[in-house]
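For reference, positions follow the sequence shown, starting with 1. The analysis underlying the following values was restricted to heavy atoms, covering all of them including side chains, and did not include hydrogens, waters or symmetry mates.
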Amino acid sequence: MHKPFPAASLLAATFAAALLQPAMAAESTAVSTAVELAPLAVADLYIKTIINQDEASVAKLNAYLRPTRLAGHQSAEYASYSALKAADAQFPTQTGKLIADLFPADMRTAVTPAAELLAANVIAAKNGAACQATKADPVTVQNGMQTAAVSFECQVVKVPVAWATAAQQLAKSGCKVEQCKDGLQKIAATYTSSPKQTWRAVFAVSREKNSEAWRNDFARETFDEIWEYL
């Protein structure tokens, strides 16, 4: 009997620690004003930080958010580039084990390299998604909070069957060890050879005062859906 495979929610959580949630920061007596950026530009920095893990965007987003975060007694840094890359490095091994564990115990060692290849191709496809913020709706104000909804879209690989489902189906197929290895390799290959699809979504940023940064402290939740496209 096969256990349910923990796909999108578990895998998205792999990167949660790299995006530092609100925490008490060291005391700061000086409060700087955030550099002015339009909601569209801010949303683009979040996208390139969380989806693409672009180093320059991580640094720019951290610098932009820092004054507002410190004023709110939060940690100075929103995201850690080194932690994001560490999570990337761990993904093939950790997720490869989840995939290999779908197969009978006596073949897990043999299928692990192919499972890790599949996981490596999945994370590369996620990081390689071509994304951009496209339109910001007019700012709305409610209870003193300004909010801007920003539309964005990503070009993401469109595989015949998502990797989690495909791996489960293969594991349940009764394949022999060489067939299973070959099957995982073929699934992995779809992530480098398939056409693209467009994922469209909306990302909201808010601020309380004009002098504060546009922000979304729970931004990762918006982007978790990308795993459903992989």
For the student: nearest non-hydrogen atoms of [X] and [Y], plus distance:
X      : Y      : value
Val111 : Phe103 : CG2-CD1, 4.2 Å
Trp214 : Leu65  : O-CD2, 3.6 Å
Ala115 : Gly96  : CB-O, 3.4 Å
Thr112 : Arg108 : OG1-O, 2.6 Å
Tyr64  : Pro67  : O-CD, 3.6 Å
Ala110 : Pro113 : O-CD, 3.5 Å

Donor-acceptor pair, distance only, cut-off 3.5 Å: does the side chain of [X] make one with the backbone of [Y]?
X      : Y      : answer
Tyr46  : Asn216 : yes
Arg69  : Gln74  : no
Asn62  : Tyr78  : yes
Arg215 : Arg207 : no
Gln53  : Thr49  : no
Asp44  : Gln132 : no
Asn52  : Gly128 : no
Gln169 : Ala166 : no

Determine whether the aromatic ring centres of residues Phe218 and Phe223 are separated by less than 6.0 angstrom.
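Between Phe218 and Phe223, which both carry aromatic rings, the centre distance is not below 6.0 Å.
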
Name all pairs fulfilling the disulfide bond (SG atoms under 2.5 Å apart) condition that reach into [range], sequence neighbours left out, sorted by first residue then second.
range            : value
residues 37-76   : none
residues 186-216 : none
residues 177-230 : Cys175-Cys180

I'd like to check [X] versus [Y] (side-chain heavy atoms, cut-off strictly below 4.5 Å). Are they in contact?
X      : Y      : answer
Leu84  : Val58  : yes
Val205 : Thr147 : no
Gln146 : Asn210 : yes

For Lys135, look at atom NZ and say whether over 12 heavy atoms of other residues, nucleotides or ligands are found less than 6.0 Å away.
no

When hydrophobic residues are tied together by side-chain contacts of less than 4.5 Å, even through go-betweens, does [X] share a cluster with [Y]?
X      : Y      : value
Ile51  : Ile123 : yes
Tyr229 : Ile47  : yes
Leu102 : Leu118 : yes

Kindly write out the residues that satisfy side-chain contact (heavy atoms from CB on, under 4.5 Å) with [X], not counting sequence neighbours, or none if the list is empty.
X      : value
Thr109 : none
Ala162 : none
Lys60  : Leu45
Lys97  : Asp101

To the closest 0.5 Å, what do you measure between [atom1] ([X]) and [atom2] ([Y])?
X      : Y      : atom1 : atom2 : answer
Lys181 : Leu117 : NZ    : CG    : 12.5 Å
Gln179 : Met107 : CD    : CE    : 9.0 Å
Asp224 : Glu221 : CG    : CD    : 7.0 Å

Contacts of Ser173 that satisfy side chain to side chain donor-acceptor pair (under 3.5 Å) - sequence neighbours left out:
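For Ser173, no residue satisfies side chain to side chain donor-acceptor pair (under 3.5 Å) once neighbours in sequence are set aside.
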
With sequence neighbours excluded, tell me which residues meet side chain to side chain donor-acceptor pair (under 3.5 Å) with Asp54.
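So Asp54 forms a side chain to side chain donor-acceptor pair (under 3.5 Å) with Ser57.
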
Could you list the donor-acceptor pairs under 3.5 angstrom formed by side chains in residues 153-161, with sequence neighbours left out?
from	atom 1	to	atom 2	distance (Å)
Glu153	OE1	Arg200	NE	3.3
Gln155	OE1	Thr198	OG1	3.4
Gln155	NE2	Thr198	OG1	2.7

Return a table of donor-acceptor pairs under 3.5 angstrom between the side chains of residues 183-194 and protein atoms on other chains or two or more places apart.
from	atom 1	to	atom 2	distance (Å)
Lys186	NZ	Asp182	OD2	3.2
Thr190	OG1	Ile187	O	2.5
Tyr191	OH	Trp163	N	2.8
Tyr191	OH	Leu230	O	2.1
Thr192	OG1	Ala189	O	3.0
Ser193	OG	Ala189	O	2.9
Ser194	OG	Thr190	O	2.7

Yes or no on salt bridge (charged side-chain N to carboxylate O under 4.0 Å, His left out) for Lys209 and Glu212, after CA distance, side-chain angles and deciding distance?
CA-CA 5 Å; Lys209 302 174 183 176; Glu212 294 179 349; 5.1 Å; no

In the hydrophobic clustering (ILVMFWY, side-chain contacts below 4.5 Å, transitive), which residues join Val150, or is it alone?
Leu40

